[in-house]
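Inspection log for the structure reproduced underneath, given as structure tokens.
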There are 2 protein chains.
Amino acid sequence: MSTYVPEAVIRRLPSYYRHLRDLEQEGVQQISSQELGERMGMTPSQIRQDINSFGGAGRQGYGYQVSTLKEHLRGIMGLDREHRMAIIGAGRIGKAVANYTGFPREGFRTVALFDAEPTGSELVTDGATIPIYPAEELEARLPELGASIGVLALPAGGAQDTADRLYRSGIRAIWNFTPADLRCPEDMAVMNVRLSESLHLLSYMMNQMEK
Amino acid sequence: MSTYVPEAVIRRLPSYYRHLRDLEQEGVQQISSQELGERMGMTPSQIRQDINSFGGAGRQGYGYQVSTLKEHLRGIMGLDREHRMAIIGAGRIGKAVANYTGFPREGFRTVALFDAEPTGSELVTDGATIPIYPAEELEARLPELGASIGVLALPAGGAQDTADRLYRSGIRAIWNFTPADLRCPEDMAVMNVRLSESLHLLSYMMNQMEK
DNA sequence: TAGATTGTTAATCGATTAACAATC
DNA sequence: TAGATTGTTAATCGATTAACAATC
């Protein structure tokens, strides 16, 4: 089937998934590339090219079945199983992320927080109570926690070192909220969330509009 | 000078800025496209193309002056003046953002939080004490606050309506933390922060690595 | 069957890389 | 001047759009 999915299409996968989920929620069972394109702000042509690249199954004269396509994407993105997350840094950002993923939702669940200087022993979120451990217990605790994703929510200075420790403990995915550019082995997946870059880009847009 | 800056270059502007700031911090005064490229993971050729598109001033046989280039970018992105932000939604995310931008840092400063059901009257951050107002006072309070950026950190359901209200109150920039696709007039700058899409993309990467 | 809409090939557009003359 | 490195043009690559035959 899908031998190669272009980089540009990969970046759009989550957007496809979100829109299809919304459509399903609204009770839409089938949709044409025309309609989906209008909704997502893309040309029908691009929709068809994209879907074909990751092996979707449309029907000529009819369109795409929403639920089938959604489930297909779910499989491609590995959202059909649970991912446990360990958050390193129990400050504002770490806690916000914990709350965001505190209850099993879309298959992501925070199972522990770590902090250099914990101010409490647990965090109570809407859906669960999450333990907070001292950062030095990282290696000791990770095996029993079964976490597959490490979330970096600590000061940038400690990010690289923590990433290295996570790798040595078997973690192969990092959700990085620090501005640090991590150097990691090939088999570590790193997703950066660069909040201040996002704000700077907004500032640029504002600046341009004034002209 | 710079008549047209390609979309792809615009998206890289904040990254250039961050690296140049780091270099300046390290005491590096001058750098070649070769060295900067290695640092940013780009080809020297692309670095030169990019910098020329936004009107940088290199010197043949020498390279680029770090401080000059950084200040130039600062101007382009409008980081040389203060932007005041009003955050709508005083939950975990709103508070995390408030703390992140609570003190004047890089020219962004949160001046107020609004919440449908405020649980307190102010938020104490590291650098400042920020008032929390009821959401219905949005129109009344905004003029005196002098905010130019609205931050959406509330449940997705209220996002579009709040965006409309912000527009009518003169706000022309939105930093959107909700998953909602906002429909806004042309002269409103919108920057989306899609946390769950980012997590889904990480999940996709993990899934691919297993193969 | 007729109409609609996909799947796919070809054309266009934009972004990246390569090459090299200009020049500090 | 000689060496280094930019600025810029040309070549390549990848992504998007257009067009249309295939087919439900």
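For clarity, every value in this text was computed on a predicted model and none was experimentally measured. In the text below, chain A, chain B and the rest are named by the order of the sequence lines, each starting its count at 1.
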Could you go through the side-chain contact (heavy atoms from CB on, under 4.5 Å) check for B:L145 and B:R84 one step at a time?
-> CA-CA 8 Å; B:L145 289 167; B:R84 296 181 184 211; over 6 Å; no

Are any side-chain N or O atoms of B:S203 and backbone N or O atoms of A:M77, one a donor and one an acceptor, separated by less than 3.5 Å?
-> yes

Can you tell me if A:H83 uses its side chain to pair, donor with acceptor, with the backbone of A:G78 under 3.5 Å?
-> yes

If only atom types and distance count, is the side chain of B:D164 paired as donor or acceptor with the main-chain N or O of B:R168 below 3.5 Å?
-> no

Please walk me through it: do B:F108 and B:E82 pass side-chain contact (heavy atoms from CB on, under 4.5 Å)?
-> CA-CA 6 Å; B:F108 297 91; B:E82 186 182 87; over 6 Å; no

Using a strict cut-off of less than 4.0 Å between a Lys/Arg side-chain nitrogen and an Asp/Glu carboxylate oxygen, indicate whether B:R81 and A:E210 qualify as a salt bridge.
-> yes

Would you sort out whether A:I87 and A:F114 count as a side-chain contact (heavy atoms from CB on, under 4.5 Å), showing the intermediate values?
-> CA-CA 6 Å; A:I87 301 177; A:F114 290 88; over 6 Å; no

Of all of residues 11-49 of chain B, which get a heavy atom below 4.0 angstrom from DNA chain D, listed by number?
-> B:S32, B:S33, B:R48, B:Q49

Mate of C:dG14 where both pairing distances stay under 3.5 Å, Watson-Crick or G-U | D:dC13

Using purine N1 to pyrimidine N3 plus N6-O4 or O6-N4 for Watson-Crick, or N1-O2 and O6-N3 for G-U wobble, each under 3.5 Å, what pairs with D:dC20?
-> C:dG7

Do A:Y133 and A:D115 have a side chain donor and acceptor closer than 3.5 Å?
-> no

Outermost nucleotides of DNA chain D that come under 4.0 Å of a non-hydrogen atom of chain A | D:dA15 to D:dC24

